[in-house]
Structure formats: structure tokens, C-alpha cells
Number of protein chains: 2
Amino acid sequence: MNKESIKQIPHKTIERLSQYRRALLLVSAKGKTHIFSHEIAEIQHITAVQVRRDLMLIGYSGDLRKGYKIQALVELIGQIIDSPSGQKVAVFGLGNLGMALTHYLSGRRENLYIVAAFDVDEHKIGQSFEGVPCYGMEKVKEIVARENITIGIITVPAEEAKATKNLAIEAGVKGILNYTPVPMEVPEGVFLEEYDMITSLEKVAFYVKELGSSDLENTKRTASK
Amino acid sequence: MNKESIKQIPHKTIERLSQYRRALLLVSAKGKTHIFSHEIAEIQHITAVQVRRDLMLIGYSGDLRKGYKIQALVELIGQIIDSPSGQKVAVFGLGNLGMALTHYLSGRRENLYIVAAFDVDEHKIGQSFEGVPCYGMEKVKEIVARENITIGIITVPAEEAKATKNLAIEAGVKGILNYTPVPMEVPEGVFLEEYDMITSLEKVAFYVKELGSSDLENTKRTASK
DNA sequence: AGTATCTTGTTATTCTTTTAACAATGCAAA
DNA sequence: TTTGCATTGTTAAAAGAATAACAAGATACT
Ligand SMILES: NC(=O)c1ccc[n+]([C@@H]2O[C@H](COP(=O)([O-])OP(=O)(O)OC[C@H]3O[C@@H](n4cnc5c(N)ncnc54)[C@H](O)[C@@H]3O)[C@@H](O)[C@H]2O)c1
Ligand SMILES: NC(=O)c1ccc[n+]([C@@H]2O[C@H](COP(=O)([O-])OP(=O)(O)OC[C@H]3O[C@@H](n4cnc5c(N)ncnc54)[C@H](O)[C@@H]3O)[C@@H](O)[C@H]2O)c1
């Protein structure tokens, strides 16, 4: 697993590794120590080949008779997708969605820490939510630098989305998770992931309509993007 | 645009059509009547070829000199992705996320109506939120049937996710939008779309780490899908 | 020992999606 | 009129991802 080979891991495989790990931790908690590719596949509702291929790409070898050693696999996935010292995350826009996410994420993931939220609302600034302090926008540069925040989640109103993204990047954020419906672009060296809920919902609506009008297709789609 | 050709529109194109439409409505509101493929592309941060290819797939022809007629294109996209009489949506699990989504979606989309929420919390049952009534789980069958709800958004706790999905499908829901981190499967004739936030966040974290360790890749990824 | 069975690891193939290439078109200006 | 230019529509190629195919290893059973 050198740096070059990691770079060639498909994006989709990276996504599945995240999911495998969580699934593995769950079955591990039940006392299981080994698992077969088809068992992982069943949990994830994908094929066993897909699982084996993904594990091949990260260079993990299982036992031909017992399957994969859960603990070792979890550790290897961690070596690949985690930063050794963890990464810090900030939420930009502590509204309905931002608050839900803060609630959901804080104290949950071992290597990703939500350490700050930013908003313009005077009622929120200065307070803490789930142990996460909320700062005014004028503090972005200072806090991002001081805390070494590398990831920003954008949940401000659509009109403010691009400006907020720019501010975050100027302050030093290297990864953007954009939950506004506004398509963005980022400079070289910054990674952008976008998710648009309306699109998902309209997509479901479209395929429901299509399935209704002629029942040809059995469909499952997974996004995460 | 017959039924066969619609079926062959790539999933990704369907997603982009949803986004094109919203972008077009915005520029239309500013008084613009025509638009070039490269203008759409710029808004969406994709390539003009991609736009033209998508429009080709839905059989829309632009004017060689003026570009695409915005209003006509919006209408055509509507003919393709909307159901003529709209579709009704229910939220299952009116917690932090479910409430945020209800807030966000209610009264917003023209052809998709959130008409019900379901929860087990006695404090929520019987109340309305954003004009959306919350019912107990024992009412799912009755309400889904009565209101002809075709789409269910799953935002219950992870442990309840599969049971809730099954209940929704038994009641007659034909499309599931799963926001829990629990991978699901659905019977034939039901469409499933899943989005896992943790996966997205860990993916961003991974690529931030990689970009940091060697600045080769300029990356943009969009999910919704 | 030999055979059957199950699993992994990997290569080959197919499918999907994006990107490139380019002919055809229509207008404007020379 | 003719040339140049920017745009569309479409076919061709490339890239990315999933699926299939199958050799090889390990164990159990005969
Ligand atoms: N609520 C949802 O479920 C949901 C779902 C998908 C996408 N979104 C998107 O997420 C974004 C937020 O949605 P919401 O429902 O939470 O809205 P919201 O209005 O509840 O929250 C927006 C928050 O951003 C703050 N804010 C406003 N301007 C700001 C600025 N310039 N800088 C920093 N903070 C600022 C506001 O004070 C508020 O707290 C929107 O773009 C929306 O499209 C929301
Ligand atoms: N909060 C987020 O930002 C967020 C983000 C991504 C994913 N999720 C996922 O969404 C789900 C909900 O998250 P949340 O933060 O809103 O949790 P939450 O606890 O705030 O909400 C869960 C809601 O579901 C209700 N509920 C519990 N059991 C139920 C049942 N059997 N049937 C119907 N309703 C039931 C609860 O009463 C509560 O209102 C979780 O699976 C979580 O993993 C949440």
C-alpha cells in the first residue's frame, strides 16, 4: 500500500470502505472475529465480488477458510482512510440542517471532530451546542487557523453559499461538504463533495413514476457521493 | 420522447435535469429568455458538452444562434421528470433530521408535496409542523392509502430503519429515500435511493489527507446520488 | 491418497458515464 | 457572395465502475 496505489483506489471504493468499516465494527461488537466476503456483501446489499475486489485494491488478504479477520481489516481501513491524528471539522451555518448535523456528528466519529460552528445569528454566537462553540463569521480565519480545521460543511442559505465557501477556503479549509443546492467550484488542492437533496427526491419521484408506468426495472441506487 | 427512450436516460442525466431546471428557473426569473449550453455549464460547473449531450438525450433542440429557449426547456424537463398530478411524500421519523427536512421541503417543490409525518413520540403525534400533520405508526397504512403517498423519506434511528422501510412499502410506498446509515434492499417495483452522510464526510477527509500528502489531484465530486 | 467443496484473489469482460472530435448550421461582417 | 465565427447535435473514443469468469488454495470427507 504505497502512496501511488492508494491514489488509484476508485472513489466508489473509498466510499464503500467507510461503510465496510462501520458494518464490521457492528458485527465485531457481537463477538464475531472473522467474516466472509459474502457476509459483508449481504449486510451492504452488494455482491461478494465487489467486496473482494475492494479488499484486493487495498491489499488485504483473507484466510481462505475463515474469511477476513475483522479487527485487522478495520485497522487497515483506518490506516487508509483516516488521518493519523484525526481531522477537525467546522459547520458553516447553524440553522435547521447545520444544527441537526452538529447534533448527529459531535462526539461520534473517532477521527473526525466537529470543533466549531459559524453563523451570523447573534442569538447563536457565543453559545455552545452539543459542546460545539458557535462563532461569528469574523472569527472564521482565526478559529480555522488556531484549531487547524481542514473540513467545512456548508449549510448556510443558498444565497450565502458561495461566499461562505470562499471564506472557508481562504481561511485554510481543504475539504468542502456542500449541502446547499448551489453548485460550487473549488481551487486546486481543495476537495469538494456536494449533495443536493432536491435532486435525490426528484430522482426518486421520476423512477417511481417510471416504475409505475411499466414495471420493467428493479432498481437500487446508492449515493453519497 | 417515447417511454422506451426515457427509460434509457442515464441516472446521472436525470439528476442533472433536476438541477438544470432549478438553475433555469433562477435565470428565467432575471428576465433571460434564452441560454447557451456553455452558460448552463458554467452555472453547474460542468462542461458544455455534458449539457448538450443531456439535452440531446431528452430530444430538445436549441436555436443555433440564440441557444436554448429557457421556458420551453423547463417545460420539457417537467414533462419528463414530473408526474402530471404530482406525488405525495411522507417523512418517517420526525427527529432532528426529519424535522429539518420537513421544514425545508414543505411548500417548496411544485410537484412534490409533503403531506404527512410519522413518529412514535407521543409529544409529536397529533401536532402539525409546517402544516404537516404527524401521525403515530399505527396510522401508516391508513394515511398512505388515503393520501396516495408514493414516496417515503426514512429518518428514524438506525435500529428502526429496516422495519420502518418495510412498513412503508407494505403500506404502498413506491420510492424510498433512506437517510439512515443502514443499507437497505427493496422488492421489485420499488425504487431506493440512499445517502450516507458519514460516508461523504469520511470521503472528504480521505481526499483532504491525500491532497495534503501530495498535491497531484484537483478534484471535484458531486453526489446525489 | 484422492476428491469434493468452499473460498479467495485476480484477470477479463461488460456496462455506464464522461470527454473528445467534428460535421452541419446560421448569422455577421468583409 | 464569401469568409469567418460561434453554436448545436451526434458519433467516436476514453475513462470509470461493476460484473463475470476462473485458477488456486485450504479443508473436510471418502
Ligand atoms: N433543512 C434541510 O433539511 C436542508 C436539506 C438540504 C439542504 N438544505 C440546505 O441547507 C442550507 C441551510 O438550510 P436550513 O434549513 O438549515 O436553513 P436555516 O435558515 O435554518 O439555516 C441557515 C443558517 O445559516 C445562518 N446564516 C445565514 N447567513 C449566513 C452567513 N452569511 N454566514 C453564516 N451563517 C449564515 C442563519 O443564521 C441560519 O442559522 C440551505 O442552503 C438549504 O438549501 C437544507
Ligand atoms: N441528524 C442528522 O443530521 C443526520 C444526518 C444523517 C443521517 N441521520 C440519520 O437519520 C436518522 C435520524 O437522525 P436524527 O438525528 O433525526 O435522530 P433523532 O433521534 O433526532 O430522530 C429520530 C426520530 O425518529 C422517531 N422514532 C424512533 N423510533 C421510531 C419508529 N420505530 N418509527 C418512527 N419513528 C421513530 C423518534 O421519536 C425521533 O423523533 C438516524 O438514522 C441518523 O443516523 C441523521
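Naming: A, B, ... by sequence-line order, numbering from 1 per chain.
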Q: Among the candidates D:dA17, C:dT10, C:dT19, find the nucleotide nearest to the side-chain atoms of A:M56.
A: C:dT10

Q: Begin with the C-alpha distance, continue with both residues' side-chain angles, and end with the deciding distance and a verdict on side-chain contact (heavy atoms from CB on, under 4.5 Å) for A:E193 and B:Y207.
A: CA-CA 10 Å; A:E193 176 87 10; B:Y207 284 103; over 6 Å; no

Q: Provide, to the nearest angstrom, the distance between the CD1 atom belonging to A:I14 and the P atom belonging to D:dA18.
A: 13 Å

Q: May I have the distance from B:I9 (atom CD1) to C:dT18 (atom C1'), rounded to whole angstrom?
A: 17 Å

Q: Take the protein atom CG of B:L57 and the nucleotide atom C1' of D:dG9, then report the distance between them rounded to whole Å.
A: 11 Å

Q: Quickly work out the A:I46 CD1 to D:dA18 P distance and round it to whole Å.
A: 9 Å

Q.
Taking CD in A:E39 as the centre, count heavy atoms belonging to other residues, nucleotides or ligands within less than 6.0 Å. Is the count above 12?
A. yes

**Q.** Integer-rounded Å distance: D:dA15 P and B:Q50 CD
**A.** 16 Å

Side-chain donor/acceptor pairs under 3.5 Å, residues 20-29 of chain B, sequence neighbours excluded:
residue : atom : partner : partner atom : Å
B:Y20   : OH   : B:D54   : OD2          : 2.6
B:R21   : NH1  : B:D82   : OD1          : 3.4
B:R21   : NH1  : B:D82   : OD2          : 2.6
B:R21   : NH2  : A:E202  : OE2          : 3.1
B:R21   : NH2  : B:D82   : OD1          : 3.1
B:R22   : NE   : B:S18   : O            : 3.3
B:R22   : NH1  : A:D196  : OD1          : 3.3
B:R22   : NH1  : A:D196  : OD2          : 2.8
B:R22   : NH2  : A:D196  : OD2          : 3.0
B:R22   : NH2  : A:T199  : OG1          : 2.7
B:R22   : NH2  : B:S18   : OG           : 2.9

Could you list all N or O pairs between the protein and nucleotides 2-8 of chain D that sit under 3.5 Å apart?
residue : atom : partner : partner atom : Å
D:dT7   : OP1  : B:H38   : NE2          : 3.0
D:dT8   : OP1  : B:S37   : N            : 3.0
D:dT8   : OP2  : B:S37   : OG           : 2.6

Q | Euclidean distance, atom NE2 of residue A:H45 to atom P of D:dA18 [Å, nearest integer] | A | 17 Å

Q: Take B:T13 and A:R53, find for each the nucleotide of DNA chain C with the closest heavy atom, and name the residue whose nucleotide sits nearer the 5' end.
A: A:R53

Output a table of donor-acceptor pairs, distance under 3.5 Å, between side-chain atoms of residues 83-99 of chain B and any protein atom two or more places apart or on a different chain; print 'none' if there are none.
residue : atom : partner : partner atom : Å
B:S83   : OG   : B:Q87   : NE2          : 3.0
B:Q87   : OE1  : B:T150  : OG1          : 2.9
B:Q87   : NE2  : A:A205  : O            : 2.8
B:K88   : NZ   : B:E147  : O            : 3.3
B:K88   : NZ   : B:E147  : OE1          : 3.2

Q. So does B:K32 have more than 12 non-hydrogen atoms from other groups sitting under 6.0 Å from NZ?
A. yes

**Q.** With B:M184, the side-chain contact (heavy atoms from CB on, under 4.5 Å) member among B:I169, B:N166, B:I154
**A.** B:I154

Q) To the nearest angstrom, how far is A:H34 atom NE2 from C:dT7 atom P? A) 15 Å

Q) What's the CG-P distance between A:D54 and D:dA17, to the nearest Å? A) 11 Å

